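Structure first, commentary second.
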Amino acid sequence: MSDQTANEQGPTYDFRALEAKWQQVWEDTQPFTVTPGDDSTPRKYILDMFPYPSGDLHMGHAEVYALGDVLARYWRLRGFSVLHPIGWDSFGLPAENAAIKRGVNPRDWTYGNIAQQRASMVRYAASFDWSRVLHTSDPEYYRWNQWLFLKMYERGLAYRKDSWVNWDPVDQTVLANEQVLPDGTSDRSGAMVVKKKLTQWYFKITDYADRLLDDLNQLEGRWPQKVLTMQRNWIGRSFGADVDFHIENHPAPVTVFTTRPDTLFGATFMVVAPESDLARELADGSSDEVKKAFDDYLVKVHKTSEIDRQDHSREKTGVFLDRWAINPANGERIPVWAADYVLADYGTGAIMAVPAHDQRDLDFAKAFDLPIRVVVDTTAAMTGVIPVISDDVDHETLDDLDPATTGVALPGQGRMVNSGPLDGLSKDNAIARMIDLLEEAGTGRAAKTYRLRDWLISRQRYWGTPIPIVYGEDGEEIPVPEDQLPVTLPDGDDLDLTPKGTSPLGGATNWVKADLDGKTVRRDTDTMDTFVDSSWYFLRFLSPHDDTQAFDPKEVEKWAPVDQYVGGVEHAILHLLYARFITKVLFDMGYLSFTEPFTSLLNQGMVILDGAKMSKSKGNVVYFSDELDSYGVDAVRLSMAFAGPPEDDIDWRDVSPVGSQKFLARAWRVSGDVSSAPGVSVHNGNEELRRHVHRFLHDVPGLVESFKFNVVVARLMELVNHTRKAIDQGPGGSDPAVREAAEAVAIGLSMFAPHTAEEMWERLGHEPSVAHATWPTADTSLIVDETVVAIVQINGKVRAKLDVSPTIGEEQLRAMAMDDPQVASHIDGKKIAHLVVRPPKVVSIQLA
RNA sequence: GCCCCGGUAGCCCAAUCGGCAGAGGCAGGCGACUUAAAAUCGUCACAGUCGGGGUUCGAGUCCCCGCCGGGGCACCA
């Protein structure tokens, strides 16, 4: 009672005062700067995805940096030396667009936003090592981007080619395949992407397709399943065969890729992609009428939007090239068509069409009256290698299923027919047999192909890393020597940044014209995709000020790979795939000893409002700084952790920052009610409360490590409730167990609410900082209950509850159950049909 | 169309091995304190786990079939 009176008259929880006080302390002490330290101290590298500096931080950032900080602070409490750096992904289009719109220099806009975001992060009490900040737009950083490019170039992994590319007509630049959304629009501008033929720089990521796919297995269980699936889909490997088709009056054979070499006898025509060079050649070698028809068709194809092209229900179109191929399986002459359902950049850009067993080919065959030949009898059920005709009396016959009449292709399993040496075989055996036959004949071979394409890295924009290549008088590529890096960006003030289809750097005439070893050369005027910047930044954090190398191998050896990566699922493909690729490349070059950059990945969900993504145009935006002003940093951070599982979206409408604030005040009040001295022996403390404390200490590490932050917060609340009860209704604030509990709360809370936790820690008589406290070891003797409740079920209904020792034996528990009067009355002489005894939890009795 | 993830109280969410459905919070009821209110403290109620089958002594948990919601892939040969 007296304690309560003291509370009412005592100080009140004032989050603004606490923030001011502790911010000052942290600014003075910089508690999270990582010092080299003892080599025996275990290390953790906890990395949050670095932000793009567009305006101030938003609620999404508030979530990542709250959750990442929980992990960083947790591992510090566990005695690890924790590296938790931050920087800015500060090259990119928005800076240029802002520059065009408002007439400011992209550099000024970018660095102004960085200053604002940095101040917000400091205010948010994210425990970053501020001595390692990097910005990808600093020449000290992008110099190493250029170095990376040159290394890739040396290995033939950076190359230039002329190809059909994705062109964003609004931003006036090319895009990577990964930046084109499924509906055919640009993920940046939202404009419908068009195809344009341009000479561009690529990174040869397809060389790494197998490793990028296979190494995902190592990440199983450590990365979200969803991300692994998305990456697997994106790489999209399919196994099959390459088959060479001779074409009459055409010098070289044409190779097609197929996943169904077993159906080669059913290939009745060939289709080539209209945009392919092959189609051009074949048309040019044909009659004038065909050439004209092809040209007209090509024009039509170019006018068709990506989105229409992907519509399955669209009528098949195409043009016969009046050329003939020879089916290598049976020597038949088959017609060659050009049709836009075949893509130029997948496989070889040409297919063998098997209309009976492929719906697309069938649709085409029916549209143009081409022959259809069944080569797989899908009515034959296959058992192992022997085809067996199904015993079903009323099974459909092959005649009923004839694709030519039904219009439905038969892609399934079955027994080979009309296929010469393959007749009678099952699908899998036929595939293997056909590959053998092709290899023997030298007209085909086993092959695999991928959905993944090479990574187009050129961008016709200003605010990015200049590509470190110059061109000599004859246009020859000359890499800029390493010792002449960085190739710095010219000042943007005098440049016309308006999108016009060519790089603004082309306008910097003094910059473009350069001197290389006495030769006059022209610089490449494109800049790199900013995903290059972020594909290796986690390495730069390890030696951010090293001006002799991109990263220091000794530091890399110490810290890398990243133990825990935290960020949004929107980067599930792009950034993560590129970072994995570059890591493997650097491994192959001997710079790294590991092949996967991020050992464990946590994807947080989005912060939404009223079930919808926040957006200024919809007017449903919650502002980060407003929330901090209203509820305080600790309450917002705590709310982020408590709202639910991290990977779920948080609807801010369902979140009560006021509730968090009340809880923090309640926890803080507990620290004021502790009246024992620091260091008091806890052994004689109230045992019931101590049990709660030690169960908490025991359970929380496992919960944090499995990212169940919401449960940890619930456990903190529970512990505070028990402590409150012990103070008011139990042994009172002088009991040592109350101190033990309050200290556990302060330490636990330091992961979520650093200001409140520091204040509690100080009120409890400790020196700052609680962030450097040690997670107390749980006393296991206090975790095991003296008695537990065992239930006795009779015919599935609970009929008795017994207080038993947790170590009770089966015999003993059975005896206790039988002796129980309630149980005895229910049995009442009836026969027991079944008895299950599972000490110490349950006795289940079935009566006859 | 194919592949993943989810569905527990009015709401957000817990529930190691299958073992009494509830840890925590929001919103709500009641009480104490107060002239009153806020704050604080205490206390209470509320679901049988989306539907249907199955396995089991026992299912929120495992299996099958649906429904609903979210996500990914999709003319990829």
Side-chain angles (χ1 to χ4, degrees), chain A residues 1 4-5 7-8 12-13 182 224-234 236-238 240 256-260 263 271 273 309-314 316 339-343 345-354 357-361 363-364 449-453 569 572-573 605 639 642-645 647-651 653-656 658-660 662-663 665-666 669 699 702-703 706 708 710-721 724-725 727-729 789-798 800-801 832-838 840-847:
Chain A
M1 196 62 205
Q4 271 183 16
T5 313
N7 267 346
E8 279 162 22
T12 52
Y13 176 79
Q225 196 53 50
K226 186 177 162 179
V227 176
L228 296 176
T229 305
M230 285 168 75
Q231 294 231 347
R232 288 187 179 115
N233 284 342
W234 189 263
R237 178 168 60 193
S238 17
V256 304
F257 174 77
T258 177
T259 54
R260 294 293 302 275
T263 61
V271 186
R309 247 186 115 155
Q310 282 170 18
D311 179 5
H312 314 13
S313 59
R314 198 169 58 101
K316 289 279 181 291
D340 69 355
Y341 81 94
V342 172
L343 309 176
D345 55 359
Y346 184 76
T348 60
I351 63 157
M352 63 179 218
V354 185
H357 304 288
D358 182 285
Q359 191 61 48
R360 296 156 300 178
D361 296 342
D363 293 344
F364 191 82
T449 193
Y450 308 88
R451 193 180 166 278
L452 181 73
R453 314 290 154 77
V569 74
I573 298 175
S639 298
F642 186 51
E647 60 276 13
D648 288 3
D649 287 349
I650 298 175
D651 194 325
R653 189 67 65 194
D654 297 329
V655 169
S656 172
V658 175
S660 297
K662 284 182 186 173
F663 163 68
R666 192 169 152 86
R669 256 181 259 117
D699 293 349
L703 292 168
S706 51
K708 294 184 175 178
N710 53 328
V711 182
V712 175
V713 175
R715 295 295 299 271
L716 271 164
M717 291 172 167
E718 188 184 13
L719 184 56
V720 167
N721 289 346
R724 179 83 261 155
K725 208 163 187 169
I727 294 167
D728 292 346
Q729 299 168 23
V789 177
I791 55 162
V792 184
Q793 290 184 334
I794 299 175
N795 292 344
K797 288 205 172 86
V798 178
K801 295 180 181 183
I832 293 174
H834 193 83
L835 180 69
V836 176
V837 183
R838 286 286 132 77
K841 288 191 168 172
V842 77
V843 176
S844 181
I845 301 166
Q846 293 294 303
L847 297 176

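Note that the coordinates shown come from a computational prediction; the quantities given were computed from them, not determined experimentally. Sequence lines set the chain letters: A, B, ... in the order given, protein chains first and strands last, and positions in each chain run from 1. FYI, side chains are in, hydrogens and waters are out, and symmetry mates aren't considered; it's all heavy atoms of this structure.
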Classify the glycosidic conformation of B:rC17 as syn or anti, calling it syn when the angle lies within 90° of 0.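 Judged by the O4'-C1' to base torsion, B:rC17 sits in syn, the angle falling within 90° of 0.
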Does B:rG48 count as syn, meaning its glycosidic angle lies within 90° of 0, or as anti?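 The base of B:rG48 is oriented syn (glycosidic angle within 90° of 0).
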[X] near the nucleic acid: base, sugar-phosphate alone, or nothing, with a heavy-atom cut-off under 4.0 Å?
{"X": "A:K708", "value": "sugar-phosphate"}
{"X": "A:V789", "value": "base"}
{"X": "A:Q729", "value": "sugar-phosphate"}
{"X": "A:S238", "value": "sugar-phosphate"}
{"X": "A:R666", "value": "sugar-phosphate"}
{"X": "A:P224", "value": "nothing"}

With respect to the side chain of [X], which nucleotide from [options] is positioned closest?
{"X": "A:V711", "options": "B:rA23, B:rG71, B:rC76", "result": "B:rA23"}
{"X": "A:S656", "options": "B:rG19, B:rC41, B:rC26", "result": "B:rC26"}
{"X": "A:D340", "options": "B:rC73, B:rC75, B:rA77", "result": "B:rC75"}
{"X": "A:E718", "options": "B:rG42, B:rC76, B:rA23", "result": "B:rA23"}
{"X": "A:V342", "options": "B:rC73, B:rA77, B:rC41", "result": "B:rA77"}
{"X": "A:R314", "options": "B:rG71, B:rC75, B:rG24", "result": "B:rC75"}
{"X": "A:A714", "options": "B:rC20, B:rA23, B:rC41", "result": "B:rA23"}
{"X": "A:R724", "options": "B:rC41, B:rC13, B:rA77", "result": "B:rC41"}
{"X": "A:D648", "options": "B:rC75, B:rC13, B:rC76", "result": "B:rC13"}

With RNA chain B as reference, determine whether A:K801 or A:R360 sits nearer its 5' end, using the nearest nucleotide of each.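 Nearer the 5' end of the strand: A:K801.
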Could you pick out which residue, A:A643 or A:D363, lies toward the 5' side of RNA chain B when each is mapped onto its nearest nucleotide?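 Per heavy-atom nearest nucleotide, the more 5' residue is A:A643.
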Pairwise [atom1] distance, [M] and [N] [rounded to whole Å]:
{"N": "B:rC62", "M": "B:rC20", "atom1": "P", "value": "16 Å"}
{"N": "B:rG1", "M": "B:rG10", "atom1": "C1'", "value": "38 Å"}
{"N": "B:rG66", "M": "B:rC44", "atom1": "C1'", "value": "40 Å"}
{"N": "B:rU55", "M": "B:rU61", "atom1": "C1'", "value": "14 Å"}
{"N": "B:rG53", "M": "B:rA59", "atom1": "C1'", "value": "14 Å"}
{"N": "B:rG48", "M": "B:rG19", "atom1": "C1'", "value": "16 Å"}
{"N": "B:rA14", "M": "B:rG7", "atom1": "P", "value": "9 Å"}
{"N": "B:rA21", "M": "B:rU49", "atom1": "C1'", "value": "8 Å"}

Counting Watson-Crick and G-U wobble pairs only, both distances under 3.5 Å, name the nucleotide matched with [N], or none.
{"N": "B:rC62", "answer": "B:rG54"}
{"N": "B:rA27", "answer": "none"}
{"N": "B:rA32", "answer": "B:rU40"}
{"N": "B:rG6", "answer": "B:rC68"}
{"N": "B:rG1", "answer": "B:rC73"}

How would you list, by chain and number, every residue that makes a salt bridge (Lys or Arg N to Asp or Glu O under 4.0 Å) with A:D648, sequence neighbours excluded?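 Partners of A:D648 under the salt bridge (Lys or Arg N to Asp or Glu O under 4.0 Å) test: none.
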Partners of A:R232 by salt bridge (Lys or Arg N to Asp or Glu O under 4.0 Å), sequence neighbours excluded?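 Listed in chain order: A:E220.
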Phosphate-side-chain proximity, [X] and [N], N/O vs OP1/OP2 below 4.0 Å:
{"X": "A:N721", "N": "B:rG25", "answer": "yes"}
{"X": "A:T229", "N": "B:rC73", "answer": "no"}
{"X": "A:K725", "N": "B:rU43", "answer": "yes"}

Spacing of [atom1] belonging to [X] relative to [atom2] belonging to [Y], to within rounding of 0.5 Å:
{"X": "A:D649", "Y": "A:D654", "atom1": "CG", "atom2": "CG", "result": "11.0 Å"}
{"X": "A:L716", "Y": "A:N721", "atom1": "CG", "atom2": "CG", "result": "11.0 Å"}
{"X": "A:R669", "Y": "A:R724", "atom1": "CZ", "atom2": "CZ", "result": "7.0 Å"}

What pairs of nitrogen or oxygen atoms, one from the protein and one from nucleotides 5-11 of chain B, lie under 3.5 Å apart?
none

Measure the distance from [atom1] on [X] to [atom2] on [N] and round it to the nearest whole Å.
{"X": "A:D361", "N": "B:rC76", "atom1": "CG", "atom2": "C1'", "answer": "12 Å"}
{"X": "A:R715", "N": "B:rG25", "atom1": "CZ", "atom2": "P", "answer": "13 Å"}
{"X": "A:D358", "N": "B:rC75", "atom1": "CG", "atom2": "C1'", "answer": "9 Å"}
{"X": "A:N233", "N": "B:rC3", "atom1": "CG", "atom2": "C1'", "answer": "7 Å"}
{"X": "A:I727", "N": "B:rU40", "atom1": "CD1", "atom2": "P", "answer": "16 Å"}
{"X": "A:I650", "N": "B:rC13", "atom1": "CD1", "atom2": "P", "answer": "9 Å"}
{"X": "A:K662", "N": "B:rG42", "atom1": "NZ", "atom2": "P", "answer": "14 Å"}
{"X": "A:M230", "N": "B:rC2", "atom1": "CE", "atom2": "C1'", "answer": "16 Å"}

Any donor-acceptor pair, under 3.5 Å, between the side chain of A:K841 and the base of B:rC20, if you only look at N and O atoms?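 Donor-acceptor pair under 3.5 Å: no.
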Test of understanding: with ring-ring contact (aromatic ring centres under 6.0 Å, His included), list the residues that count as partners of A:Y13, not counting sequence neighbours.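 With neighbours one apart ignored, the set is A:W668.
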Which residues pass the ring-ring contact (aromatic ring centres under 6.0 Å, His included) test with A:F663, not counting sequence neighbours?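 If we apply the ring-ring contact (aromatic ring centres under 6.0 Å, His included) test to A:F663, skipping adjacent residues, there are no hits.
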With sequence neighbours excluded, what pairs up with [X] under the side-chain contact (heavy atoms from CB on, under 4.5 Å) test?
{"X": "A:R237", "value": "A:D210, A:L213, A:D214, A:F239, A:K448, A:Y450"}
{"X": "A:R360", "value": "A:K316, A:Y341, A:D358"}
{"X": "A:V711", "value": "A:L703, A:K708, A:R715"}

Could you report the tightest heavy-atom contact between A:N710 and A:P645, atom names first, then the distance?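 That would be ND2-N, 3.7 Å.
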Between the protein and nucleotides 54-59 of chain B, list the N/O to N/O atom pairs that are separated by less than 3.5 angstrom.
from   : atom 1 : to     : atom 2 : distance (Å)
B:rC57 : O2'    : A:Q846 : NE2    : 2.3
B:rC57 : O2     : A:S844 : OG     : 2.4
B:rC57 : N4     : A:R838 : NH1    : 3.4

